[in-house]
2 protein chains.
Amino acid sequence: MHYETVKLLQEFISTKNEVFLFSSTGTGFMEASVRNCVRRRMLCCINGSFGERYAEVAESNGVQVEKLQPPLGTPILPSSLSEALTKFPDVEAVAITHNETSIGLINPLRDLVSTAKKYGKLVFVDAVSSMGGTEIDVDEWGIDVCFSSSQKCFGVPPGLGMGSVSEKAMELSATAPNKGWYFDFKVWEEDQKKGRGTPVTSTIPQIAGLNAALKMIERKGGKRWYFDLYKERNQKIREGVKNLGLSIFPNKGYESPTVNCINAPKGIEGGVIYERMRGKGFELAEGYGPLKKRTFRVGNMGCVEMEDINLMLEALEDVLQ
Amino acid sequence: MHYETVKLLQEFISTKNEVFLFSSTGTGFMEASVRNCVRRRMLCCINGSFGERYAEVAESNGVQVEKLQPPLGTPILPSSLSEALTKFPDVEAVAITHNETSIGLINPLRDLVSTAKKYGKLVFVDAVSSMGGTEIDVDEWGIDVCFSSSQKCFGVPPGLGMGSVSEKAMELSATAPNKGWYFDFKVWEEDQKKGRGTPVTSTIPQIAGLNAALKMIERKGGKRWYFDLYKERNQKIREGVKNLGLSIFPNKGYESPTVNCINAPKGIEGGVIYERMRGKGFELAEGYGPLKKRTFRVGNMGCVEMEDINLMLEALEDVLQ
C-alpha cells in the first residue's frame with residue numbers, strides 16, 4: 001500500500017520525483033527542505049502565519065532568512081519576487097506558501113516558480129492547504145520540494161506529511177552537514193528504493209486513508225473533477241456571504257479555493273461571529289493575528305456537502321441579524 | 001483529550017516532568033533528545049539495532065559518539081557503564097535502549113540511570129518497546145528524556161511519539177543552537193503551557209487511541225496488572241518454546257518481557273521458521289542482522305490473547321517437526 005500510495009500521489013501532482021510519506025505533519029517536510037538543501041541563506045515569501053512559520057523554521061536551523069512580505073491581503077507577484085532576487089542574489093532557495101490559509105489567499109504559484117527558476121534558485125512550496133484543492137504540476141513548473149499534509153484537501157486524519165523532492169534537492173542533501181536523521185531525504189530515499197518502504201514505522205492508518213482518498217477521487221472523475229468541486233463549493237460560499245452583504249478580505253483574483261477569509265461587518269468582531277456560529281454547530285475559524293477582530297474564515301477542505309454550505313449560510317444569516 | 005492523555009501518561013511513568021505528544025514516531029523523540037540537549041559528545045550504549053540507530057542519529061546531528069557495546073546478547077552492566085564514563089569523562093549524556101527488540105534483551109535500567117547520575121550525566125532512555133510493558137519510574141530513577149511510540153506496548157496504531165523531558169533537559173534546550181523547530185522542546189512546552197496543545201497539528205486518532213488504552217489499563221487493574229500480563233504472556237511463550245527444545249538467545253535474567261529472541265534449532269535457519277510460521281498465519285519476526293540465520297523472534301506487544309499464544313506454539317511445533 002505504501003508504494004501504491006506513493007505512485008498515486010506522484011500522478012496526482014504530475015511528478016517523477018521521489019515522493020516521501022513522512023511520519024510527521026507537513027511542517028516536518030518544511031523543516032526537511034531547509035535542513036537537506038540550504039547551507040546559509042534563503043528567501044521566504046510571507047503572506048501570513050504559514051509563511052512566517054517557514055522563516056522561523058529556517059532560522060531555527062541556523063539559516064539566514066531574507067523576507068519578501070507584501071501588505072497583508074496582497075499576493076506575492078512575480079515582479080516583486082524578481083526584485084527581491086535581484087536584491088538578494090546569494091539566497092540559495094525560495095520558499096513559497098502556495099495557499100495561505102490564515103488570510104484565505106492563493107499565490108500565482110506557476111509564475112512565481114518560473115521567476116525563481118530564471119534566477120537559478122531552488123524552490124520549496126508549502127502546499128499544505130492547496131495540494132488536492134487546485135492544480136500543481138511539480139515537474140512542468142519545476143518545484144524542488146513540494147509538500148502537504150493528510151488532513152487538508154484530501155480530508156484524511158492528521159499525522160502524515162507527504163511531499164516530492166527533486167533530483168537537485170536530493171544532490172544537495174547528499175552533502176548537507178548536520179542535517180539530522182529523522183528528516184534526511186537520503187535516508188528516506190534509500191529505504192524507499194530498497195523496497196523497505198520507510199526508515200521509521202509508517203503512519204499506517206493515515207497512509208491507508210490517503211490511499212483511499214486518492215482512489216476515490218480517481219473513481220469519481222479524477223483530479224479535474226476534484227478541483228472543480230473545490231471551485232464550486234468555494235464559489236457557493238463566496239457568493240453566499242456576498243449576498244449577506246459581506247466582502248472577502250484578500251485582493252480580488254487571489255481568493256483561495258479552499259478557504260475564504262471574510263471581512264466582519266462593521267460593529268461586529270470576527271471572533272463574535274465565530275463563537276455564535278459555533279453555538280449553532282458550525283466550526284468555522286477565527287481571523288488570524290492582526291486580522292483577528294476584522295475577519296473570520298470559512299474553509300471547505302475535506303468532506304463538505306453542498307447542503308452543509310446551505311445550512312451554514314442560513315445560520316450565518318441568523319447570526320448577522 | 002490532549003491534556004488528559006498527557007496527564008494519564010505522566011501518571012503511568014511516574015513523572016511530574018513535561019510530557020509531549022509528538023506528531024512523529026519514537027525516533028523523532030530520539031532525534032529531539034540529541035538536538036535539544038547535546039552540544040558535542042555523548043555516550044551510546046549499544047545492544048543491537050536500536051542502540052545503533054541512536055548513535056547514527058547523534059552523529060547525523062554533528063555530535064561525536066562514544067560507544068559502549070558489550071558482546072551481542074549480553075546486557076549493559078552498571079560496572080561497564082561506570083568504566084566507560086571514567087574513560088570518557090567529557091560526554092554530556094548517556095543514551096540507553098531500555099529494551100532492545102532486535103535481540104530480545106532488557107537492560108537493568110534503574111541501576112544504569114543511577115550509575116550515570118553519579119557521574120552527573122544527562123540520561124536519555126529509548127523506551128519504545130518497554131514503556132507500558134514494564135515499570136519505568138522516571139522521576140525516582142532520574143531519567144531526563146524517556147520516550148516511546150504508540151504502536152508498541154500500548155497497542156495503538158503507529159504515528160505518535162511520546163516522552164517526558166526533565167527540567168534540566170528543558171534548560172539545555174533553551175540555549176541549544178540550530179536545534180530546528182519541529183522537535184524543539186521549548187516550542188512544544190510553550191504551546192502546551194499556553195493551553196494550545198501542540199505547535200503542529202496533533203496526530204489525533206493515535207492520541208485518542210493512547211487515551212483509550214491508558215483508560216482501559218486503569219479500568220482493568222492499573223499498570224501493575226498490565227505489567228503482570230506482559231510477564232505472564234512472555235513466560236508462557238518462553239516456557240512453550242523451551243518445551244519444544246529451543247533456547248532463548250540473550251543472557252539469562254535479561255530476557256525482554258515484550259519480545260523473545262529464540263535460537264533456531266540446529267539445521268534450520270531462523271528465516272525458514274519465520275516464513276513457515278507466516279504461511280500458517282502467524283506474523284513472528286526474523287532475526288536481526290548478524291543473528292538473522294541463528295534466531296527468530298516472538299513479540300507479545302499490544303493485544304495478544306493467551307489463546308493466540310497456544311495456537312502459535314502448536315503451529316511452531318508443527319513447523320519444527
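Convention: sequence-line order gives letters A, B, ...; per-chain numbering from 1.
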Min side-chain heavy-atom separation B:L160-B:F154 under 4.5 Å: no
Spacing of SG belonging to B:C146 relative to CD1 belonging to B:I13, to within rounding of 0.5 Å: 5.0 Å
Interface moiety of B:P177 toward chain A, non-hydrogen atoms closer than 4.5 Å: neither
Gap separating the CE atom of A:M42 from the CG atom of A:L122, nearest 0.5 angstrom: 9.0 Å
Exercise: identify the closest heavy-atom pair between A:V65 and A:A55: CG2-O, 3.7 Å
Top of B:G28, B:P158, B:G161 for chain A proximity - count of heavy-atom pairs under 4.5 angstrom: B:P158
Point-to-point distance, once rounded to the nearest 0.5 Å, from CZ of B:F147 to CZ of B:F124: 9.5 Å
Heavy-atom donor-acceptor pairs under 3.5 Å, chain B with chain A:
| residue | atom | partner | partner atom | Å |
| --- | --- | --- | --- | --- |
| B:T25 | N | A:Y182 | OH | 2.9 |
| B:T25 | OG1 | A:Y182 | OH | 3.4 |
| B:E31 | OE1 | A:W181 | N | 2.7 |
| B:E31 | OE1 | A:Y182 | N | 3.1 |
| B:E31 | OE2 | A:Y182 | N | 3.4 |
| B:R53 | NH2 | A:P199 | O | 3.0 |
| B:E56 | OE2 | A:W181 | NE1 | 3.0 |
| B:S60 | O | A:K179 | N | 3.4 |
| B:S60 | O | A:G180 | N | 2.9 |
| B:S60 | OG | A:W181 | N | 3.2 |
| B:G62 | N | A:N178 | OD1 | 3.4 |
| B:Q151 | NE2 | A:T201 | OG1 | 3.2 |
| B:N178 | OD1 | A:G62 | N | 3.4 |
| B:K179 | N | A:S60 | O | 3.4 |
| B:G180 | N | A:S60 | O | 2.9 |
| B:W181 | N | A:E31 | OE1 | 2.7 |
| B:W181 | N | A:S60 | OG | 3.2 |
| B:W181 | NE1 | A:E56 | OE2 | 3.0 |
| B:Y182 | N | A:E31 | OE1 | 3.1 |
| B:Y182 | N | A:E31 | OE2 | 3.4 |
| B:Y182 | OH | A:T25 | N | 2.9 |
| B:Y182 | OH | A:T25 | OG1 | 3.4 |
| B:P199 | O | A:R53 | NH2 | 2.9 |
| B:T201 | OG1 | A:Q151 | NE2 | 3.2 |
| B:Q206 | OE1 | A:Q206 | NE2 | 3.0 |
| B:Q206 | NE2 | A:Q206 | OE1 | 3.0 |

Reported CZ-to-CZ distance for the pair B:F185 and B:F29, which is rounded to 0.5 angstrom: 5.0 Å
Gap separating the CG atom of A:L68 from the SG atom of A:C45, nearest 0.5 angstrom: 4.5 Å
